[in-house]
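Just so it is clear, the model here is predicted, and its values are computed rather than measured.
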Amino acid sequence: MISAQAWADAQRLWDFQQMGHELRPCSVAIGLGSHDLGVADTTADLYHQGMMPLIVFTGATSRTTRDRMPRGEAEHYRERAMDLGVPGDAVLVEPRARNTGENIRLSRALLEEHRAAVSSVLLVSKPYEERRAYATARKLWPEVEWISTSTPMPLVDYVDSIGDARLVIDMLTGAQQRLMIYPQQGFMLEQHVPDDVAAAYERLRDAGFTSRLVTDPAERKRA
């Protein structure tokens, strides 16, 4: 049973992750691989809206996806997008990345290999990782303009689409933790975290939503 407080805290983290960027046409879209095929659906929809002429899907597999996406997240995303009418020659596949930093670095290398002119990127992620993805991309590829987006939906609808409320809240908590500790480790740009967001994260962590947390040296020291 998930308490009302935990749901309220999860909602606060969900709202904070939403960047609210205004969409406009970009040179390319990068769809970040994950367990969520909705990223591919949204990227395909943006392609059909004329928001970009080229897509990079990036991602290998993880413990969450290796059974569901045995050919790799990026390849399954490509197949989904093509099922939705995106032509195959509009999609590049980057199949090796295993974290967000690698998603950005390896996608950039792939685009350079294909001599794609890139001045702006539409970054498509899961709804609860918009801000984290943006902060990472800006750190690793600051020369281009980044617009961060995701499938627009309320938290409750997203939980229903995934079918596992605890997993979603665990991942929200993990995304927020990384947003708070990774800047000090050089992995992403610093983002101001309001006090109520930090408090919501701490309550969820203390309530046991910890399966997607990484070891934080500062927290280990306090313990």
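Under the ring-ring contact (aromatic ring centres under 6.0 Å, His included) criterion, no residue pair touches residues 78-105, with sequence neighbours excluded. Counting only residues at least two apart or in different chains, salt bridge (charged side-chain N to carboxylate O under 4.0 Å, His left out) contacts with residues 146-160 are absent. Residue pairs that meet the salt bridge (charged side-chain N to carboxylate O under 4.0 Å, His left out) test with at least one member in residues 90-102, sequence neighbours left out, do not exist here. The ring-ring contact (aromatic ring centres under 6.0 Å, His included) contacts involving residues 81-132 comprise Tyr128-Tyr158, where partners must be two or more places apart or lie in separate chains. Pairs passing the salt bridge (charged side-chain N to carboxylate O under 4.0 Å, His left out) check and including a residue from residues 24-45, sequence neighbours excluded, read Arg24-Glu145, Asp41-Arg80.
Side-chain contact check for Val168 versus Leu155: some heavy-atom pair is nearer than 4.5 Å. Counting heavy atoms from C-beta outward, Leu179 and Gln176 have side chains that approach closer than 4.5 Å. No side-chain heavy atom of Thr210 sits less than 4.5 Å from a side-chain heavy atom of Asp170. Between Ile30 and Asn103 there is no side-chain heavy-atom pair separated by less than 4.5 Å. Between Val214 and Ile181 the shortest side-chain heavy-atom distance falls below 4.5 Å.
The CZ atom of Phe57 lies 8.0 Å from the OH atom of Tyr77; values are rounded to the nearest 0.5 Å. Atoms CZ and CG, from Arg203 and Leu13 in turn, are 9.5 Å apart once rounded to the nearest 0.5 Å. For the atom pair CG of Leu172 and OH of Tyr201, the computed distance is 12.5 Å after rounding to the nearest 0.5 Å. Taking CD1 from Ile162 and CE from Met171, the interatomic distance works out to 8.0 Å, rounded to the nearest 0.5 Å. If you take CE on Met1 and CZ on Arg166, they are separated by 11.5 Å, rounding to the nearest 0.5 Å. Note that CZ of Arg105 is 15.0 Å distant from CG of Leu110, once rounded to the nearest 0.5 Å.
For Arg71, the side-chain contact (heavy atoms from CB on, under 4.5 Å) partners are Glu75, His76, Glu79, not counting sequence neighbours. In this structure Pro183 satisfies the side-chain contact (heavy atoms from CB on, under 4.5 Å) test together with Met188, Glu190, sequence neighbours excluded. With sequence neighbours left out, the side-chain contact (heavy atoms from CB on, under 4.5 Å) criterion links Pro25 to Met51. Judged as a salt bridge (Lys or Arg N to Asp or Glu O under 4.0 Å), and not counting sequence neighbours, the contacts of Asp196 are Arg12. Tyr47 pairs by the side-chain contact (heavy atoms from CB on, under 4.5 Å) definition with Met52, Ile55, Val86, Pro87, Ala90, not counting sequence neighbours.
Around CG of Asp195, the count of heavy atoms belonging to other residues, nucleotides or ligands within 6.0 Å does not exceed 12. Other residues, nucleotides and ligands contribute only 12 or fewer heavy atoms inside 6.0 Å of the CD atom of Glu22. Surrounding CZ of Arg212 are more than 12 heavy atoms belonging to other residues, nucleotides or ligands, all under 6.0 Å away.
Contact between Leu204 and Ala10 at its shortest, heavy atoms only, is CD1-N, 3.9 Å. For Ala135 against Gln191, the heavy-atom pair with the smallest separation is CB-CG, 3.9 Å. The two residues Ala165 and Ile2 make their nearest non-hydrogen contact at CB-CD1, 3.7 Å. The shortest heavy-atom contact between Trp14 and Met153 is CZ2-O, 3.2 Å. In this structure, Ser34 and Glu73 approach most closely via the heavy-atom pair N-OE1, 3.4 Å. When all heavy atoms are compared, the tightest approach of Ala6 to Phe209 is CB-CE1, 3.9 Å.
The main-chain N or O of Ile147 is never found under 3.5 Å from a side-chain atom of His21 such that the two would form a donor-acceptor pair. Formation of a donor-acceptor pair under 3.5 Å by the Gln17 side chain with backbone atoms of Arg132 is found in this model. Panel note: side chain His48, backbone Thr43; no donor-acceptor pair is recorded below 3.5 Å. Checking side-chain atoms of Thr136 against main-chain N and O of Thr100 turns up no donor-acceptor pair under 3.5 Å. In terms of modelled atom types and a separation under 3.5 Å, the side chain of Trp146 and the main chain of Trp141 share a donor-acceptor contact.
Under 3.5 Å, the side chains of Thr151 and Thr42 contain a donor-acceptor pair of N or O atoms. Checked by atom type, the side-chain pair Gln177/Arg205 shows no donor-acceptor distance below 3.5 Å.
Both tests pass for Arg131 against the ring of Phe16: distance under 6.0 Å to the centre and angle within 45° of the axis.
Salt-bridge formation is detected for the pair Arg108/Glu143: a Lys NZ or Arg NE/NH1/NH2 atom is positioned less than 4.0 Å from an Asp or Glu carboxylate oxygen.
Counting side-chain heavy-atom gaps under 4.5 Å among Ile, Leu, Val, Met, Phe, Trp and Tyr, Leu106 is found in no cluster with other residues.
Linking Ile, Leu, Val, Met, Phe, Trp and Tyr whenever their side-chain heavy atoms come within less than 4.5 Å puts Val144 and Leu111 in one cluster.
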Could you pull out every donor-acceptor pair under 3.5 Å between side chains of residues 117-127 and any protein atom, sequence neighbours left out?
| unit_1 | atom_1 | unit_2 | atom_2 | d |
| --- | --- | --- | --- | --- |
| Ser119 | OG | Ser27 | OG | 3.3 |
| Ser120 | OG | Ser27 | N | 3.1 |
| Lys126 | NZ | Glu129 | OE1 | 3.1 |

